[in-house]
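Written out below as C-alpha cells is the structure these notes cover.
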Amino acid sequence: MRFYTEKCEAMRNFANKIWNASRFVMMNLEGRETYALPAAERLEREDKWVLSKLNTLVKEVTENLDSYEIGVASAKVYDFLWDTYCDWYIELTKTRLSGEDPAAKETAQNVLCYVLTELLKLLHPFMPFITEEIFQALPKQAGSEDKFLMMSHWPEYRAELSFPEEEAAMEAVMGTIKAIRARRAEMNVPPSRKAEVLLVTAVPEPYKQGLHFLQRLAFASQVDFAAEPPADVSGQVTVVTPNATAYMPMSELVDVKAELERIAKEKEKAENGLRIVEQKLSNEKFVSRAPEAVVNAEKEKAEKFRELIAKLEESAKALNA
C-alpha cells in the first residue's frame, strides 16, 4: 500500500471528529454515570431513525468483516460516524438537550450514549487506542460488566431496533432539508437570511412531524403545506425532491438587483478570461511549439470558462423570470 500524506491528514481529521463529538456528548450528560436504551414508546422519530440505521450498519459491517472485506467495513463505519451521527443526529438532538422537558432530554442522552458506544465497538478493530480512551470516559450501560472496550461484546443485529417506517419518513425530511440548503448555497444565501417555504406534497404527515427540523435546519421563517403547486411560480425558487417540491420567494433569498450586478461582473470577468485563452489557442505558433500538456491545459481552461458563463447566464435568466 502506498503512503499518502492526504490519507494521514484525513484520518487525523476523523479522529478529531470522534473526539469532539464524544466531548459534546459528555458535556451534555449532566454527570450521569450509566445509561439505558429507552423503551420504543419513549423514543422520538429521530431516535428510531438513528437506531434503525445503526442496526443495519451492525449487520452489514459484521458480514463485511466475516468476508474479510476490511476496507468496505471501515468505510461504512467512517461514513456513519461522520455523517449520520455527528452531522445529523447530534444536530437533531440539540433542541431536546437544551430544552426544559427532562424526559425528552434524558431520552436523547441515553440514545446518544448508546449509539456512540456501539460505534466505538465497531470502530475498535481499526482504531483501538482512541476508542478505548473515549470508552473509559463515557457512562457505562446499566447492567453491563464491560470494563474495557476490547473485552466487550461485539454489537449484534436486533429486530426490535428496526424501524423502517420512521427511518423512511426521517430520510424524506432530511432529503428536503439537504436539497434546500444546497440550493441556498448555490445562490450564496447566508444562513441568517430566512425565507418562507411552501411544501407541495401528497404525503404531508412526515414533514409536519418534522416541522421544527425544517424550520431550524432549512432556515425557514415559515413552512406551509399544499397538495398542488401554486398557480403562479414566477419569482419562486423551486427545489424538487422525490416526495415533495419546495417553493421559496426569490425576493426573500436574495437582493435581485445586487445579485444581477454581481453576476454581470463575474460574467464579464469570465468572458475576458475566455477571450485571452481563445486568442492563445488561435495562435498557430503557440499550438505547434508548446508541449501538448500545456495546450490541453489551455483547452480545459477555455471549457471551464464556457461552463461558468453558461451557468451565470442561467442564473441571471432565473432571477429575471
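Everything numeric here is computed off the predicted structure, so don't read it as measured data. The first residue in the sequence is number 1, and the count goes up from there.
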Distance col, row Leu54:CG vs Arg158:CZ, nearest 0.5 angstrom, shows 10.0 Å
Under the side chain to side chain contact (heavy atoms under 4.5 Å, CB included) criterion, do Thr107 and Glu44 qualify, and how do the steps go? CA-CA 8 Å; Thr107 298; Glu44 297 290 344; 5.6 Å; no
Under a 3.5 Å distance rule, please check whether Ser74 uses its side chain to pair with a backbone N or O of Gly71 as donor and acceptor. yes
Gap separating the CG atom of Leu253 from the CZ atom of Arg184, nearest 0.5 angstrom: 6.0 Å
Are any of the side-chain nitrogens in Asp87 or Lys17 under 4.0 Å away from the carboxylate oxygens of its partner? yes
Side-chain heavy-atom pair Gln136, Glu133 within 4.5 angstrom cut-off: no
Give a yes or no answer on whether the side chain of Ser52 reaches the backbone of Phe163 with a donor-acceptor pair at less than 3.5 Å. yes
List the steps, then state whether side chain to side chain contact (heavy atoms under 4.5 Å, CB included) holds for Glu196 with Glu252. CA-CA 8 Å; Glu196 292 182 8; Glu252 294 189 13; 3.8 Å; yes
Taking all atoms of both residues into account, what is the closest heavy-atom pair of Lys140 and Phe135, and its distance? NZ-O, 2.8 Å
Is it the case that the side chain of Lys147 and the backbone of Glu145 share a donor-acceptor pair, with hydrogens and angles ignored and the cut-off at 3.5 Å? no
Salt bridge present between Glu118 and Lys121 (N-O < 4.0 angstrom): yes
Parallel under 30°, tilted from 30 to 60°, perpendicular over 60°: which one fits the rings of Tyr114 and Tyr35? perpendicular
Are the side chains of Glu167 and Val50 in touch, meaning some heavy atoms are under 4.5 Å apart? no
Is there a continuous path of hydrophobic side-chain contacts, each under 4.5 Å between heavy atoms, that joins Ile18 to Met11? yes
Check the pair Arg275 / Gln279 against side chain to side chain contact (heavy atoms under 4.5 Å, CB included), numbers first and verdict last. CA-CA 6 Å; Arg275 192 177 303 113; Gln279 286 175 353; 3.9 Å; yes
Could you go through Arg12 and Glu9, starting from their C-alpha distance and side-chain angles, then the distance that decides it, and tell me whether this counts as salt bridge (charged side-chain N to carboxylate O under 4.0 Å, His left out)? CA-CA 5 Å; Arg12 177 200 62 194; Glu9 291 173 350; 5.4 Å; no
Sidechain-backbone polar pair: Thr201 side chain, Asn243 backbone, donor-acceptor under 3.5 Å: yes
Under a single-linkage definition using a 4.5 Å side-chain heavy-atom cutoff for Ile, Leu, Val, Met, Phe, Trp and Tyr, are Leu308 and Val277 assigned to the same hydrophobic cluster? no
Quick check on side-chain contact (heavy atoms from CB on, under 4.5 Å): which of Lys265, Lys267, Glu268 does Leu312 satisfy it with? Lys267
Using a 6.0 Å cut-off, check whether atom NZ of Lys105 has over 12 heavy atoms from anything other than its own residue. yes
I'd like to know if Lys53 pairs up with Glu166 as an ion pair, taking the criterion as any Lys NZ or Arg NE/NH1/NH2 lying under 4.0 Å from an Asp or Glu carboxylate oxygen. no
Side-chain touch Val77/Val61, heavy atoms, less than 4.5 angstrom: yes
Would Phe80 and Tyr85 count as a close aromatic pair, with their ring centres under 6.0 Å? no
side-chain contact (heavy atoms from CB on, under 4.5 Å) partner of Leu65, chosen from Leu122, Val72, Ile70: Ile70
How close do Ile134 and Ser22 get, heavy atom to heavy atom, and via which atoms? CG2-OG, 3.3 Å
Decide, yes or no, whether a salt bridge links Glu60 with Lys76 under the criterion of side-chain N to carboxylate O below 4.0 Å. yes
For the residue pair Arg32 / Asn110, report whether a side-chain donor-acceptor contact shorter than 3.5 Å exists. yes
Lys208/Glu205 salt bridge by N-O under 4.0 Å criterion: no
Hey, mind stepping through Glu46 and Arg96 against salt bridge (charged side-chain N to carboxylate O under 4.0 Å, His left out) and telling me if it holds? CA-CA 11 Å; Glu46 61 269 25; Arg96 284 189 287 162; 3.3 Å; yes
Between Asn55 and Glu156, which heavy-atom pair has the shortest distance, and what is it? OD1-O, 4.2 Å
Would you give the length of the straight line joining atom OG of Ser144 to atom NE2 of His153, rounded to the nearest 0.5 angstrom? 7.5 Å
Which pair of non-hydrogen atoms, one from Ile90 and one from Ala21, has the smallest distance, and what is that distance? CD1-CB, 3.9 Å
Lys301 and Glu298 ion-paired at < 4.0 Å: yes
Leu138 vs Met26 side-chain heavy atoms within contact, under 4.5 Å: yes
For Leu281 and Ala302, which heavy atoms make the closest approach, and how far apart are they? CD1-CB, 4.4 Å
Flag the pair Lys304 and Glu307 as a salt bridge only when some basic side-chain nitrogen lies within less than 4.0 angstrom of an acidic carboxylate oxygen. no
Do Trp49 and Trp88 make a side-chain contact, defined as non-hydrogen atoms from C-beta onward lying under 4.5 Å apart? yes
Could you tell me whether the side chain of Leu198 reaches within less than 4.5 Å of the side chain of Val200, counting heavy atoms only? yes
In one Ile/Leu/Val/Met/Phe/Trp/Tyr side-chain cluster, 4.5 Å: Val58, Met150: no
Should the pair Lys59 and Tyr157 be classed as cation-pi, given the thresholds of under 6.0 Å to the six-membered ring centre and 45° from the axis? yes
With Leu112 as reference, evaluate Asn28, Leu29, Leu97 under the side-chain contact (heavy atoms from CB on, under 4.5 Å) test and give the passing residue. Leu97
Determine whether more than 12 heavy atoms belonging to other residues, nucleotides or ligands lie under 6.0 Å from atom CD of Glu33. no
Worked check of salt bridge (charged side-chain N to carboxylate O under 4.0 Å, His left out) between Lys48 and Glu165: CA-CA 9 Å; Lys48 292 181 178 180; Glu165 291 183 10; over 6 Å; no
Is the shortest side-chain heavy-atom distance between Glu271 and Phe305 below 4.5 Å? no
One should read off an interatomic distance between Met250 CE and Thr238 OG1, to the nearest 0.5 angstrom, of 9.0 Å
What one should report as the nearest heavy-atom pair of Thr62 and Pro155 is OG1-O, 4.3 Å
Please determine whether side chain to side chain contact (heavy atoms under 4.5 Å, CB included) holds for the pair Leu199 and Tyr247, giving the CA-CA distance in whole Å, both sets of side-chain angles, and the decisive distance to 0.1 Å. CA-CA 7 Å; Leu199 210 59; Tyr247 296 89; over 6 Å; no
Distance col, row Asp101:CG vs Thr95:OG1, nearest 0.5 angstrom, shows 12.5 Å
Can you tell me if Arg193 has over 12 outside heavy atoms packed within less than 6.0 Å of its CZ? yes
Same apolar cluster (I L V M F W Y, side chains within < 4.5 Å links), Val115/Trp154: yes
Is any side-chain N of the basic residue among Glu278 and Lys299 closer than 4.0 Å to the acidic one's carboxylate O? no
Side-chain contact, heavy-atom cut-off 4.5 Å: Asp146 with Met151? no
Phe14 CZ to Phe126 CZ distance, which is reported to the nearest 0.5 Å: 10.5 Å
Main-chain N/O of Asn16 paired with Asn20 side-chain donor or acceptor, under 3.5 Å: yes
